[in-house]
Student: 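Dumping the structure here so I can ask a few things about it.
The basis for the numbers below is simple: all heavy atoms, side chains too, and nothing from hydrogens, waters or symmetry mates. Chain identifiers are assigned alphabetically (A, B, ...) following the order of the sequence lines, protein sequences preceding nucleic acid strands; residue numbering begins at 1 within each chain.
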Number of protein chains: 2
Amino acid sequence: MKKPTMRDVSRVSGLSVYTVSRALSEDPTGVTAESRERVVAAAKELGYVPNRAAQQLRRNTRSSVAVITSSTSNYYYIDLMRGIQGTLRDSGRTVVVADIAAEGYYSPEIEDATIQDLIQSRSAGVISTLALRQENLDLLRDWQIPIVFVDSQPPATARSLPAITMANYEAGMQVGEHLASHGYDSWLFLAYPVLWSTRFERERGIREAAEKFGAELVVLESPNNVDGAFATLSGFLDAPGATPPRALIAGNNPMIHGAYSVLRDRGIAIPDEVAVVGFDDFAWAGLLDPPLTVLDEDSEAIGVKAARTLTRIMDDQRTAEDSGQSPSPHYQPGDQQEVKGELVIRRSCGCQSEVTDD
Amino acid sequence: MKKPTMRDVSRVSGLSVYTVSRALSEDPTGVTAESRERVVAAAKELGYVPNRAAQQLRRNTRSSVAVITSSTSNYYYIDLMRGIQGTLRDSGRTVVVADIAAEGYYSPEIEDATIQDLIQSRSAGVISTLALRQENLDLLRDWQIPIVFVDSQPPATARSLPAITMANYEAGMQVGEHLASHGYDSWLFLAYPVLWSTRFERERGIREAAEKFGAELVVLESPNNVDGAFATLSGFLDAPGATPPRALIAGNNPMIHGAYSVLRDRGIAIPDEVAVVGFDDFAWAGLLDPPLTVLDEDSEAIGVKAARTLTRIMDDQRTAEDSGQSPSPHYQPGDQQEVKGELVIRRSCGCQSEVTDD
DNA sequence: GGAAGTAATCTAAACGTTTAGGTGGACGGT
DNA sequence: ACCGTCCACCTAAACGTTTAGATTACTTCC
């Protein structure tokens with residue numbers, strides 16, 4: 001079967017391609033109801049489906065939104081994507097996923113290649129969970145592709161770009177306060193690399209809390225995956241003369257997982273010997289042994305907000321273009337939003353009362 | 001900044017668009033090294049990036065692979081995607097994610113719209129975690145878009161299509177045998193809808209095991225999400241005269257989650273009062289309370305196999321087309337693979353010995 | 001020196017859409 | 001009967017690439 005084109009529909013219906021195009025468009029003005037019916041019938045008979053590449057070329061439109069992520073080892077990504085997908089579906093845009101730091105190891109080459117790819121396919125917009133290289137941000141700007149950061153901040157040199165983030169400093173502070181309220185005075189922050197920019201503010205919050213409450217703080221950096229966290233924490237505990245902390249703060253999902261595994265393997269009791277608090281809630285947190293106290297960031301809501309912000313920017317861009325103005329993305333101050341995190345208290349921190357959630 | 005086209009590069013370099021095109025192509029034959037340098041320099045100076053829509057239109061090629069999923073409430077999806085993404089990246093194809101059953105509720109309209117969309121964008125191939133409507137399979141066939149099913153089977157009317165599945169019948173059997181070995185004789189299978197075709201074989205295996213070992217079996221169908229599972233199981237237990245089963249088999253991740261939540265909320269001890277076995281391993285299974293015995297299907301390996309199979313088919317297709325033959329996708333018998341599941345014994349089934357994993 | 005070959009380059013026609021600018025006919029008002 | 005309006009429709013030119021076929025310049029060989 002040869003793929004039917006608009007010309008075929010034109011031939012079968014006996015109407016010109018112009019009329020066919022008009023009849024099949026969103027807003028079929030200038031076409032009699034009867035003609036349109038003939039066109040639709042012919043299209044159906046032939047199994048005609050428009051060629052998007054040709055449409056995009058001619059109309060100079062973009063249709064897909066790329067999500068740049070370090071996703072796949074981090075479970076919050078599922079909720080985030082759900083939020084993004086659900087919101088974007090309504091606006092009729094496709095979601096393309098580009099994982100540039102699979103398994104927690106980041107490579108600049110993959111980042112560059114990915115950006116090139118996005119530009120080649122003339123993406124409509126980008127949502128990124130990672131800070132990107134300045135060079136690549138410049139490229140996106142030149143090509144007028146709007147970007148929204150989620151979870152992570154834009155890099156220091158481009159702080160005005162839209163970003164939906166958690167109030168990470170306050171979150172770190174909050175965690176620290178809670179640990180202090182239990183009387184713990186030696187803390188360990190098991191952290192992922194700074195490439196994920198949430199790290200910076202979270203650490204700052206924790207650090208200030210430690211100072212304020214006179215706790216001792218060790219920050220331990222691990223690759224952003226479970227095995228790395230496991231190895232890093234094991235290595236720390238095995239070092240000669242090392243003393244385990246009284247409380248452990250796990251920076252994100254993989255860190256939590258690694259930490260729980262290490263503690264369980266060594267028979268260290270949570271929370272009696274070491275208390276644990278994690279960042280980023282996830283479905284199973286309440287069913288772990290013991291149920292994990294986390295600072296929850298509501299990833300789905302963040303995803304929804306990011307998608308909405310991006311949609312607004314893209315829509316503005318299109319109307320600006322239609323009225324002949326510059327199609328540069330127009331960012332507003334309100335495009336930077338902070339979402340408050342919430343401490344979900346379960347038992348790993350030492351609290352008795354477990355909140356009833358799932 | 002106006003977006004530079006090939007014509008601009010041609011003007012700046014002083015060479016024709018033909019030479020520019022050749023010089024920038026993968027295999028720059030018929031161009032002097034010097035000319036090519038001039039072209040590359042001009043392209044770089046202008047910040048030229050080829051327009052993929054134009055390329056696709058002219059070359060009649062496809063570049064992106066769509067993953068159709070019911071993903072986002074099911075955690076095995078992460079591992080699956082990791083397998084697919086990693087494999088496909090190497091072959092230079094983009095991955096597009098289309099979620100047609102978010103939250104476990106499926107809608108045929110979304111399925112149809114998604115398929116239309118895939119055809120419009122002339123996708124190179126499809127990987128689907130769900131059985132699709134016959135009508136849509138016909139469409140994909142007409143448009144010569146190859147498809148590989150993962151996890152799920154193709155629908156009954158198209159059994160010859162490629163599929164990478166777990167040996168679900170054997171898996172069900174295996175679970176049944178293990179429960180029987182503990183002496184449990186009343187089982188409850190908490191299942192998701194048949195739309196996810198793994199359901200059928202899993203149930204058959206369990207059913208036959210129940211017969212073989214003389215156990216009583218109740219099958220309870222729930223929407224494919226956590227809340228649905230919670231409600232369904234609660235409803236069952238609350239029914240007048242209902243007796244809780246001695247063993248509960250949870251059909252997949254959301255079912256496990258719902259079941260664990262219900263049992264914990266009601267203070268029913270696992271495994272002493274009700275033993276639990278789940279399908280599909282996930283990262284946290286070993287850290288739950290109690291650690292969950294599961295039938296693991298190695299989703300990442302399945303993803304890798306699916307992506308490899310699809311890549312082979314797409315490559316064949318292209319070479320066939322280049323040599324003037326029919327570009328219909330050519331499926332081989334070996335494209336149907338079954339991956340063996342493995343019973344990972346932890347404690348929720350009643351076993352004492354816990355395997356040390358993660 | 002000239003025929004014949006070869007390699008580098010060019011010109012121009014596609015690919016499948018959308019859309020500016022025209023054509024022609026029906027209608028109504030004078 | 002004439003002019004002007006409107007409307008449905010058409011023709012043809014784009015959009016940014018790739019590529020078949022033509023052209024040119026340069027070698028090589030007799």
Student: Look at Arg133(A) together with Asp112(A) and state whether they make a salt bridge at an N to O cut-off of under 4.0 Å.
Tutor: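 Looking at Asp112(A) together with Arg133(A), the answer is yes, because their closest N to O distance falls below 4.0 Å.
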
Student: Does a side-chain heavy-atom distance below 4.5 Å link Asn51(A) with Arg122(B)?
Tutor: yes

Student: Taking C-beta and beyond as the side chain, do Leu139(A) and Gln116(A) meet within less than 4.5 Å on heavy atoms?
Tutor: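 Answer yes - side chains close enough.
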
Student: Is there side-chain contact between Ile68(B) and Thr129(B), with at least one heavy-atom pair below 4.5 Å?
Tutor: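 Counting from C-beta outward, Ile68(B) and Thr129(B) never come under 4.5 Å.
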
Student: Is any side-chain heavy atom of Asn60(B) closer than 4.5 Å to one of Gln56(B)?
Tutor: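 Answer no - side chains too far apart.
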
Student: Without swapping roles, check the side chain of Gln336(A) against the backbone of Leu161(A) for a donor-acceptor pair under 3.5 Å.
Tutor: yes

Student: Would you indicate whether the side-chain heavy atoms of Met6(B) and Pro50(B) approach each other to under 4.5 Å?
Tutor: no

Student: Is any side-chain heavy atom of Ile145(B) closer than 4.5 Å to one of Pro329(B)?
Tutor: no

Student: Heavy-atom distance under 4.5 Å between the side chains of Val148(B) and Ile164(B), does that happen here?
Tutor: yes

Student: Tabulate protein N/O versus nucleotide N/O from nucleotides 4-7 of chain C, keeping only pairs under 3.5 Å, one per line.
Tutor:
none

Student: With Leu24(B) as reference, evaluate Val31(B), Thr19(B), Val39(B) under the side-chain contact (heavy atoms from CB on, under 4.5 Å) test and give the passing residue.
Tutor: Val39(B)

Student: Show the nearest heavy-atom pair for residues Arg89(A) and Asp99(B), with the distance to one decimal.
Tutor: NH1-O, 3.1 Å

Student: Reading DNA chain D in the 5' to 3' direction, which nucleotide is the first one with an atom under 4.0 Å from a heavy atom of chain A, and which is the last?
Tutor: dA8(D) to dG16(D)

Student: Do the charged groups of Arg312(A) and Asp315(A) touch, with an N to O distance under 4.0 Å?
Tutor: no

Student: Please enumerate all residues that pass side chain to side chain contact (heavy atoms under 4.5 Å, CB included) together with Ala98(A), with sequence neighbours excluded.
Tutor: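 If we apply the side chain to side chain contact (heavy atoms under 4.5 Å, CB included) test to Ala98(A), skipping adjacent residues, the hits are Thr114(A).
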
Student: Give the residues of residues 14-23 of chain B touching DNA chain D, defined as any heavy atom closer than 4.0 Å, sorted by residue number.
Tutor: Tyr18(B), Ser21(B)

Student: Which residues in residues 52-60 of chain A have a heavy atom closer than 4.0 Å to any atom of DNA chain C?
Tutor: Ala54(A), Gln55(A), Arg58(A), Arg59(A)

Student: To the nearest 10 degrees, what angle separates the axes at the start and end of the helix from dG1(C)-dC30(D) to dT30(C)-dA1(D), five pairs each?
Tutor: 50°

Student: Quick one about Arg22(B) and Ser25(B) (side-chain donor to acceptor, distance below 3.5 Å, no hydrogens or angles considered), yes or no?
Tutor: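 Result is yes, a qualifying pair exists.
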
Student: Quick check: do Ile147(B) and Ser128(B) have side-chain heavy atoms less than 4.5 Å from each other?
Tutor: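 Heavy-atom side-chain distance check passes, below 4.5 Å.
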
Student: Base, sugar-phosphate, or nothing for Ser25(A), non-hydrogen atoms under 4.0 angstrom?
Tutor: nothing

